[in-house]
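Have a look at the structure below, then the notes.
Naming convention: chains lettered A, B, ... in sequence-line order (proteins, then strands); numbering from 1 in each chain. Computed from heavy atoms alone, side chains included, the values below leave out hydrogens, waters and symmetry copies.
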Amino acid sequence: MKILTLALYNDLTRKKEKFIPIEEGKVRFYSCGPTVYDYFHVGNARPFIVFDVLRRWLEHEGYKVTFVQNFTDIDDKMIHRAHQEHITVAELAEKFIAEYNKDADALGIRRPDVSPRATEHIPEIINTIERIIANGHAYVSEGDVYFDIQSWPKYGSLCKQNLEDLEAGARVEPGEKKKDPLDFALWKAEKPGEPSWESPWGKGRPGWHIECSAMSSKYLGDNIDIHSGGVDLMFPHHENEAAQSEAATNNGKPFVNYWLHNGFLLIDSEKMSKSLGNFLTARAAIEKYPPLALRFFMLSAHYRSPINFTPEGLEQAAAGVSRLRNCKSDLDFAAKTRTGDSDFDINKFHDELKELDKKFSDAMNDDFNTAAAMGILFDVVSLINTSLKNHDKLPEEFFTASKNALNTYDEILGVIGPDEAECENDNESAEIEALIQERTQARKAKNFARSDEIRDTLKARGIILEDTPQGTKWKKEL
RNA sequence: GGCGGUAUAGCCAAGUGGUAAGGCAGAGGACUGCAAAUCCUUUACCCCCAGUUCGAAUCUGGGUGCCGCCUCCA
């Protein structure tokens, strides 16, 4: 099937739809970020990685993307944790925002264009709530402000539940403060010992959902193209967000045109979550597995499918990354030693690359099918490897085109990474090269004991030697 | 109970009506001093039962298994 333009599965319509941005050539993209009360876990890492790749793909396709991802730095969990740690909520937030950035950077997740924090947008939040009240969709109750879901006929349209079913499932105590058990807090009255801000309804703090409405509107406008997050955010978070945002503008326009939700990351075939206690922090995962393998793993299944986090899965991913990296390093080595006149059919090669590139684009444009796209990447690798195998000398154009192709795909997927052997200016490289020289001499002298010793010594340091007809090349273990 | 997802080789996984991408692992071969990498060859009754169709992994109906949401949660 040929898809010329991007199609995305929209959870609002539950259909794959052609992507048409609000403003030609631009994408307004809001992604739900972490609540910064702890390290994030590998389940959280999935949307961060996956939607980062979507962002990169959109940019690759020529869109000017404004990518906003919030930090939730005030809510019940923040308050509890700060109490436990005997620090302020602000200190807790500061710490885990820094930790988030550390882990996200390690995972190759690009920083958002804007990373707004809830506590830095209290005026915007209050303003949004005021507009919702003014439009008749929220009410004040003893210092709290609640969204009045009965006043909002569309409520339930994202999660496709009718109100009766939702209410049947709602275990929330109706309480005297709420008119309807499904009504949710926009503003919570101050409780002793909790951070609070002045508001028209007295001191208090924002509810969970309202920050996204307020900040999204501030940085992206009232109507945005893409809003993403995990499936569990569909209800109630995104349902509530949509209701709030649309009730605030009350202009009949949708808050979000395309709702995207990633499937869960499972561990032992069960949902990974902090409440179940079966989670692995991204920090721990990074210490255990190469970040490239973690990315590869996340992208090896379609983003909407559940994915099962297992040691075998990660080992397989790491092996896949190695194959990609080997291709790159073989290419770099051959470029230095085997460039020259050749009967290689460069035109045919260009055509084949072009055809694969088309397939890659089709896969990415077909609801962002990274699993299929990675399959194509491996086809590219096979094409390069075969060419390398079948020709002693290859034209410079071959190397340029091959490297460009790999680099382009790596800029989008981020699963290959840099080639350490290419960084020749440091002392380590010089030392390795010297040992390789010594080993080459030993091999010439048929002193295989010494040559194997050198190879083993380096292997123990994570340096892999490979002998080729053009000499010995080295690479770092993943 | 309501809503939704999913079932493809030993493992992971794509596939959106024309008789199954890709990766990992395994086997055999080439190459190598030995390795490693790479290349070549090799591995699928697409959960079950009906149905629609000239033709279905793909559509319909019915089963069965697994998962998720409906409550803080990516």
Should the pair A:Arg81-A:Asp38 be classified as a salt bridge under the 4.0 Å nitrogen-to-oxygen rule?
->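 So A:Arg81 pairs with A:Asp38 through a salt bridge.
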Salt bridge between A:Lys393 and A:Asp343, side-chain N to carboxylate O under 4.0 Å?
->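 Between A:Asp343 and A:Lys393 there is no salt bridge, as every charged N stays at least 4.0 Å from the carboxylate O atoms.
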In this structure, how many angstroms lie between the [atom2] atom of [N] and the [atom1] atom of [X], rounded?
| X | N | atom1 | atom2 | answer |
| --- | --- | --- | --- | --- |
| A:Leu465 | B:U32 | CG | P | 19 Å |
| A:Tyr39 | B:A74 | OH | P | 17 Å |
| A:Glu211 | B:C72 | CD | C1' | 14 Å |
| A:Glu239 | B:G2 | CD | C1' | 15 Å |
| A:Gln161 | B:C3 | CD | P | 8 Å |
| A:His209 | B:U71 | NE2 | C1' | 11 Å |
| A:Arg439 | B:C34 | CZ | P | 13 Å |
| A:Leu478 | B:A36 | CG | P | 17 Å |

Is the side chain of [X] donor-acceptor paired with the backbone N or O of [Y] at a distance under 3.5 Å, no angle test?
| X | Y | answer |
| --- | --- | --- |
| A:Arg338 | A:His391 | yes |
| A:Lys160 | A:Ser157 | yes |
| A:Asp367 | A:Asn369 | no |

Taking any heavy-atom pair under 4.0 Å as a contact, classify [X]: base, sugar-phosphate, or nothing.
| X | result |
| --- | --- |
| A:Leu388 | nothing |
| A:Ser451 | base |
| A:Asn369 | sugar-phosphate |
| A:Asp330 | sugar-phosphate |
| A:Arg14 | sugar-phosphate |
| A:Arg81 | nothing |
| A:Asn326 | sugar-phosphate |
| A:Asn262 | base |
| A:His237 | nothing |
| A:Met234 | nothing |

Nearest to the [X] side chain among [options], which nucleotide is it?
| X | options | value |
| --- | --- | --- |
| A:Thr386 | B:C34, B:A74, B:C39 | B:C39 |
| A:Leu233 | B:A14, B:A74, B:C3 | B:A74 |
| A:Ile464 | B:G2, B:A36, B:C34 | B:A36 |

Starting from the 5' end of RNA chain B, give me the residue, A:Thr468 or A:Leu265, whose nearest nucleotide shows up first.
->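 Result: A:Thr468.
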Taking for each residue the nucleotide of RNA chain B with the nearest heavy atom, is it A:His41 or A:His302 whose nucleotide lies nearer the 5' end?
->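 The residue mapped nearer the 5' terminus is A:His302.
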If you measure from the [atom1] atom in [N] to the same atom in [M], how many Å do you get, rounded?
| N | M | atom1 | answer |
| --- | --- | --- | --- |
| B:C31 | B:A21 | C1' | 28 Å |
| B:C47 | B:U64 | C1' | 8 Å |
| B:G18 | B:C3 | P | 32 Å |
| B:U43 | B:A25 | C1' | 12 Å |
| B:A9 | B:C45 | P | 8 Å |
| B:U8 | B:U53 | P | 29 Å |
| B:A7 | B:G63 | C1' | 14 Å |
| B:C66 | B:C34 | C1' | 48 Å |

Any strand: nucleotide that pairs with [N] via Watson-Crick or wobble, under 3.5 Å:
| N | answer |
| --- | --- |
| B:C54 | B:G18 |
| B:G1 | B:C70 |
| B:U38 | B:A30 |
| B:A7 | B:U64 |

Any side-chain N or O of A:Asn385 under 4.0 Å from OP1/OP2 of B:U38?
->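 Looking at the OP1 and OP2 atoms of B:U38, neither is under 4.0 Å from any side-chain N or O of A:Asn385.
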Sequence-distant partners of A:Pro290, side-chain contact (heavy atoms from CB on, under 4.5 Å), two or more places apart =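 Per chain and number, A:Pro290 pairs via side-chain contact (heavy atoms from CB on, under 4.5 Å) with A:Ala293, A:Leu478.
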Cation-aromatic face contact A:Arg14/A:Tyr9, 6.0 Å, 45 degrees |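 Pair A:Arg14/A:Tyr9 does not count as cation-pi.
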Once you measure the plane-to-plane angle for [X] and [Y], does it fall in the parallel (<30°), tilted (30-60°) or perpendicular (>60°) bin?
| X | Y | answer |
| --- | --- | --- |
| A:Phe296 | A:Phe378 | perpendicular |
| A:Tyr155 | A:Phe235 | perpendicular |
| A:Phe51 | A:Phe29 | perpendicular |

Shorter than 3.5 Å, N or O on both sides, protein versus nucleotides 20-29 of chain B: list them out with atom names.
{"residue": "B:G23", "atom": "N2", "partner": "A:Gln316", "partner atom": "OE1", "Å": "2.8"}

For A:Phe448 and B:G33, do the ring centres fall under 5.5 Å apart while the planes stay under 30° apart?
->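 Per 5.5 Å and 30° rule: yes, stacked.
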Going from OH on A:Tyr258 to CD on A:Glu17, what distance comes out if it is rounded to the nearest 0.5 angstrom?
->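 Rounded to the nearest 0.5 Å, the OH-CD separation comes out at 5.5 Å.
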Would you state whether a donor and an acceptor, one from the side chain of A:Asp467 and one from the base of B:C31, lie under 3.5 Å apart?
->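 Side chain to base: no pair below 3.5 Å.
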Starting from the C-alpha separation in whole Å, work towards a yes-or-no answer on ring-ring contact (aromatic ring centres under 6.0 Å, His included) for A:Phe96 and A:Phe40.
-> CA-CA 9 Å; A:Phe96 283 110; A:Phe40 66 90; over 10 Å; no
Worked check of salt bridge (Lys or Arg N to Asp or Glu O under 4.0 Å) between A:Arg450 and A:Glu438 | CA-CA 9 Å; A:Arg450 177 58 185 151; A:Glu438 189 193 337; 2.6 Å; yes
Using a cutoff of under 3.5 Å, can you pull out all pairs of nitrogen or oxygen atoms linking the protein to nucleotides 65-68 of chain B, with atom names and distances?
{"residue": "B:G68", "atom": "OP1", "partner": "A:Lys271", "partner atom": "N", "Å": "3.3"}

